Chemist: 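The structure follows.
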Amino acid sequence: VQLQASGGGFVQAGGSLRLSCRASGYSLNNFAIGWFRRAPGKGREGILCIDAGEEITYYSASLKGRFTISRDNAKNTAYVQMNSLKPEDTATYYCATVLRPPGPTDQCPPTLEGADYWGRGTLVTVSS
């Protein structure tokens, strides 16, 4: 499975971006997809997940109402719509699948700690 995240960029506080995660080599239709981020000088943080049934799990309360995740199985792609961006959202964002801790691969885990398959990150920079 190869994942490619894209859509990052530079935006002013209050702005919006949409990140995409496209898979190749394998269908993601029956897999949960997670998004992580790593802010400068900080550890990796699992933030969002969408399961195979399109149920969404937020792992960061600060993102509710601002970020949402969706998927288009026909395009083998998942998206994160990020609105009302804040400088503290500045990070490299990664998508991943076969999530950890291990469990049913079509479901989002209770915590989002890692994954077996990762896409290359896409950098989001939010200026104040």
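Just so you know, these numbers come straight off a predicted model, no measurement behind them.
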Chemist: Work out which heavy atom in Ser128 is nearest to a heavy atom in Pro87; give both atom names and the distance.
Modeler: CB-CG, 3.8 Å
Chemist: Is any side-chain heavy atom of Arg44 closer than 4.5 Å to a side-chain heavy atom of Tyr94?
Modeler: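 A side-chain contact under 4.5 Å is absent here.
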Chemist: Can Leu99 be reached from Trp118 by stepping across I, L, V, M, F, W or Y side chains whose heavy atoms are under 4.5 Å apart?
Modeler: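 Yes, Trp118 connects to Leu99 through the hydrophobic network.
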Chemist: Tell me whether Ile50 is reachable from Tyr117 by hopping between hydrophobic residues (I, L, V, M, F, W, Y) whose side-chain heavy atoms are closer than 4.5 Å.
Modeler: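 Tyr117 clusters together with Ile50.
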Chemist: Where the side chain of Ser20 meets the backbone of Ala78, is there a donor-acceptor pair that is under 3.5 Å apart?
Modeler: no
Chemist: Do the side chains of Leu3 and Leu28 get nearer than 4.5 Å, heavy atoms only?
Modeler: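 Side-chain contact under 4.5 Å: yes.
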Chemist: Okay, side chain of Thr125, backbone of Thr90: is any donor-acceptor separation there less than 3.5 Å?
Modeler: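 No, Thr125 side chain to Thr90 backbone: no donor-acceptor pair under 3.5 Å.
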Chemist: So with a 6.0 Å cut-off around CD of Glu88, is the heavy-atom count from everything else above 12?
Modeler: yes
Chemist: Measuring only between side-chain heavy atoms, which start at C-beta, is Val80 closer than 4.5 Å to Tyr93?
Modeler: no
Chemist: Main chain of Thr77, side chain of Asp72: is a donor-acceptor contact present, judged purely on distance under 3.5 Å?
Modeler: no
Chemist: For the atom pair CD1 (Ile69) and CD1 (Ile56), what is the distance rounded to the nearest 0.5 Å?
Modeler: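 Atom-to-atom, Ile69:CD1 and Ile56:CD1 are 6.5 Å apart.
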Chemist: Would you say Phe67 ends up clustered with Phe36 if hydrophobic residues are merged whenever their side chains have heavy atoms under 4.5 Å apart, either directly or through other cluster members?
Modeler: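 Per the 4.5 Å side-chain linkage, Phe36 and Phe67 are not co-clustered.
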Chemist: Looking at Asp106, is its backbone amide N or carbonyl O close enough to the side chain of Asn30 to form a donor-acceptor pair, meaning the two atoms are under 3.5 Å apart?
Modeler: no
Chemist: Less than 4.5 Å apart, any side-chain heavy atom of Thr111 and any of Pro101?
Modeler: yes
Chemist: More than 12 foreign heavy atoms under 6.0 Å from CZ of Phe10: is that the case here?
Modeler: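 Enclosed: over 12 neighbouring heavy atoms sit under 6.0 Å from CZ of Phe10.
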Chemist: Side chain to side chain contact (heavy atoms under 4.5 Å, CB included) for Asp116 and Arg100? Distances and angles first, verdict last.
Modeler: CA-CA 8 Å; Asp116 288 353; Arg100 292 182 173 271; 2.6 Å; yes
Chemist: List the atom of Thr92, the atom of Leu123, and the distance in Å for their closest heavy-atom pair.
Modeler: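 Nearest pair, atom of Thr92 first, then Leu123: OG1-CD1, 3.7 Å.
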Chemist: Are Leu63 and Asp89 close enough, and set up right, to give a side chain to side chain contact (heavy atoms under 4.5 Å, CB included), and what steps lead you there?
Modeler: CA-CA 9 Å; Leu63 301 185; Asp89 295 319; 4.2 Å; yes
Chemist: Keeping the roles fixed (side chain from Asp51, backbone from Glu54), state whether a donor-acceptor pair exists under 3.5 Å.
Modeler: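 Such a contact is found between Asp51 side chain and Glu54 backbone.
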Chemist: State the CG-CD distance between Leu17 and Gln81, to the nearest 0.5 angstrom.
Modeler: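 Rounded to the nearest 0.5 Å, the CG-CD separation comes out at 8.5 Å.
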Chemist: Hey, is CD on Glu113 packed in by over 12 heavy atoms from elsewhere, all under 6.0 Å?
Modeler: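 Atom CD in Glu113 is packed in, count exceeds 12.
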